[in-house]
Amino acid sequence: MASDIKAMSAELARDPQSVVFLELGEALRRRGQLEAATGVVLGGLEHHSELVEAHDLYARLLVDAGDFRRAQQVWSGVLERSPRHLEAHKGLGFLAFRESDLETALEHLELALAADPTDPSVVRGLQTVRGAAAEAAVETAAETAAAAEEVAGEDRIFAGLEGAEHGLLLMDDRGRVLGGRLLGAQGEDVSDAVAAFLAGAAQEAERTARMLGLGEWRWLVAEGPEGNVYVTPPTAETLLLILRDRSVPSGRLAMLAERAGDVARQWLERQQL
Amino acid sequence: MSTVFQRVLDNITRVRGVRGAMLVAGEDGLIVAESLMEGVRGNAVAALAASLQKRFRQAMEAAAVGMPHFLHLQGEDGTLIIVPAPDGMLVVAVGAPDMNVGLVRLEMLRAAESIS
């Protein structure tokens with residue numbers, strides 16, 4: 001090997017335009033002499049810039065040196081000249097896999113396989129990337145399911161609290177329902193209608209309390225002939241509403257509001273993460 | 001201010017802890033009669049009280065629990081109570097946090113009946 005390198009170096013010295021630089025560069029690279037190999041390849045490219053194999057070798061040297069971005073550019077240039085270039089597709093597939101871009105990796109490796117179906121490194125690479133893609137798909141499905149469960153969970157913010165399914169509602173001050181549910185006398189969902197009417201109520205309560213020197217407003221209870229409504233602001237921008245029939249004492253409403261308020265604050269904090 | 005309205009407000013403000021009271025036209029939020037402590041912007045408070053009452057009336061009707069007959073806003077340093085009278089007027093009282101809400105409520109319900 002050493003003698004080969006010596007002989008090739010001598011030949012290149014005699015004829016700087018010789019294509020032996022390709023073989024010499026590859027030999028030096030295999031010996032780990034990256035700097036010397038890079039010098040030889042760049043020197044050869046000055047005379048043979050059209051030689052895609054030289055660009056491919058340069059890209060592999062760049063990978064060896066850790067310059068993946070530049071290697072990607074060089075291999076992309078190779079594919080512009082030679083769209084079915086096996087090594088360029090393998091190299092770009094490797095770089096994409098390294099960046100966890102499995103789709104691009106698969107694309108390049110399948111094109112590499114099309115260029116040479118017998119290349120064992122391509123077959124192994126494809127197996128690896130396909131396995132990773134399958135794992136990623138499973139993870140994505142799990143994340144999607146978890147996200148769906150989180151969304152569905154908005155209806156269950158208050159799960160476990162008394163009346164969670166029909167008499168607890170969290171809304172923002174613009175009247176948008178954030179979670180919970182209110183049911184009317186016939187069991188119909190009245191959450192959106194009630195929330196819409198109470199849009200801005202928190203701001204008005206705050207302004208009224210301020211003008212009257214009442215300090216920060218804590219809660220408001222409105223009593224009706226068929227039921228009572230208790231509202232309190234878990235945060236400055238939200239309103240918690242509890243609807244109960246008249247048999248529920250106000251003290252119990254206050255206790256429930258405190259617990260539901262804690263739950264609402266924790267839920268809102270989770271949404272901001 | 002008519003003597004009827006004055007008497008009604010006096011009965012409310014006599015309760016210990018009550019800082020002031022007023023009668024408000026529910027539809028437009030204008031003051032009809034008032035007995036408030038100095039410095040309180042009665043017009044603004046009347047408008048806000050009327051608006052709050054209206055919002056809750058609409059919300060409670062949507063929830064099929066009927067029109068509110070008593071609203072109690074609790075602040076750190078005080079209380080606001082609104083009692084709608086049958087004719088649409090609102091009886092409004094402002095008090096200390098520790099005022100006797102039960103007694104004030106009774107006087108306000110009487111007031112609401114007497115002015116209708």
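Every chain is numbered from 1, with letters handed out A, B, ... down the list of sequences. Just so you know, these numbers come straight off a predicted model, no measurement behind them.
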- request: With sequence neighbours excluded, tell me which residues meet salt bridge (Lys or Arg N to Asp or Glu O under 4.0 Å) with A:Arg124.
  value: none
Around atom [atom1] of [X], are there more than 12 heavy atoms from other residues, nucleotides or ligands closer than 6.0 Å?
| X | atom1 | result |
| --- | --- | --- |
| A:Glu188 | CD | yes |
| A:Arg246 | CZ | yes |
| A:Glu258 | CD | no |
| A:Glu216 | CD | no |
| A:Arg207 | CZ | no |

query: A:Ala209, A:Ala185, A:Ala193, A:Ala201: which one forms the most heavy-atom pairs within less than 4.5 Å of chain B?
result: A:Ala201
- prompt: With respect to chain B, which residue among A:Ala205, A:Pro225, A:Ala199 yields the maximal number of heavy-atom pairs within a distance under 4.5 Å?
  reply: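 Result: the option with the highest number of such pairs is A:Pro225.
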Considering all heavy atoms of both residues, which atom of [X] and which atom of [Y] are nearest to each other, and what is their separation?
| X | Y | answer |
| --- | --- | --- |
| A:Leu214 | B:Thr79 | CD2-N, 3.5 Å |
| B:Ala63 | A:Leu243 | CB-CD2, 3.9 Å |
| B:Asp77 | A:Gly213 | CB-O, 3.8 Å |

field: Atom pair CD/CZ of B:Glu61 and A:Phe197 - distance to nearest 0.5 Å
entry: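 One gets 8.0 Å once the value is rounded to the nearest 0.5 Å.
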field: A:Asn228 CG to B:Phe70 CZ distance, which is reported to the nearest 0.5 Å
entry: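 The CZ atom of B:Phe70 is 10.5 Å from CG of A:Asn228, to the nearest 0.5 Å.
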Measure the shortest side-chain to side-chain distance between [X] and [Y] over non-hydrogen atoms and say whether it is less than 4.5 angstrom.
| X | Y | answer |
| --- | --- | --- |
| B:Leu52 | A:Leu220 | yes |
| A:Val221 | B:Leu73 | no |
| A:Leu212 | B:Val45 | yes |
| A:Trp217 | B:Leu80 | no |
| A:Trp219 | B:Gln74 | yes |
| B:Leu48 | A:Met211 | yes |
| B:Arg105 | A:Glu223 | yes |

Residue, of [options], that accumulates the most heavy atom pairs under 4.5 Å with chain A:
| options | value |
| --- | --- |
| B:Ala62, B:Gly78, B:Gly20, B:Ala96 | B:Gly78 |
| B:Ser51, B:Ala64, B:Pro97 | B:Ser51 |
| B:Met60, B:Gln53, B:Arg19, B:Arg55 | B:Arg55 |

task: Side chain from CB out, backbone as N, CA, C, O: work out which of these in B:Arg57 comes under 4.5 Å of a heavy atom of chain A, or both, or neither.
output: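 Contact with chain A: none, neither part.
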- prompt: With only heavy atoms counted, which part of B:Met67 is less than 4.5 Å from chain A, the side chain, the backbone, both or neither?
  reply: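 Just its backbone gets close to chain A.
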Structural part of A:Val194 lying under 4.5 Å from a heavy atom of chain B: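 Both the backbone and the side chain of A:Val194 come within 4.5 Å of chain B.
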- prompt: Is a salt bridge present between A:Glu204 and B:Lys54, judged by a nitrogen-to-oxygen distance below 4.0 Å?
  reply: no
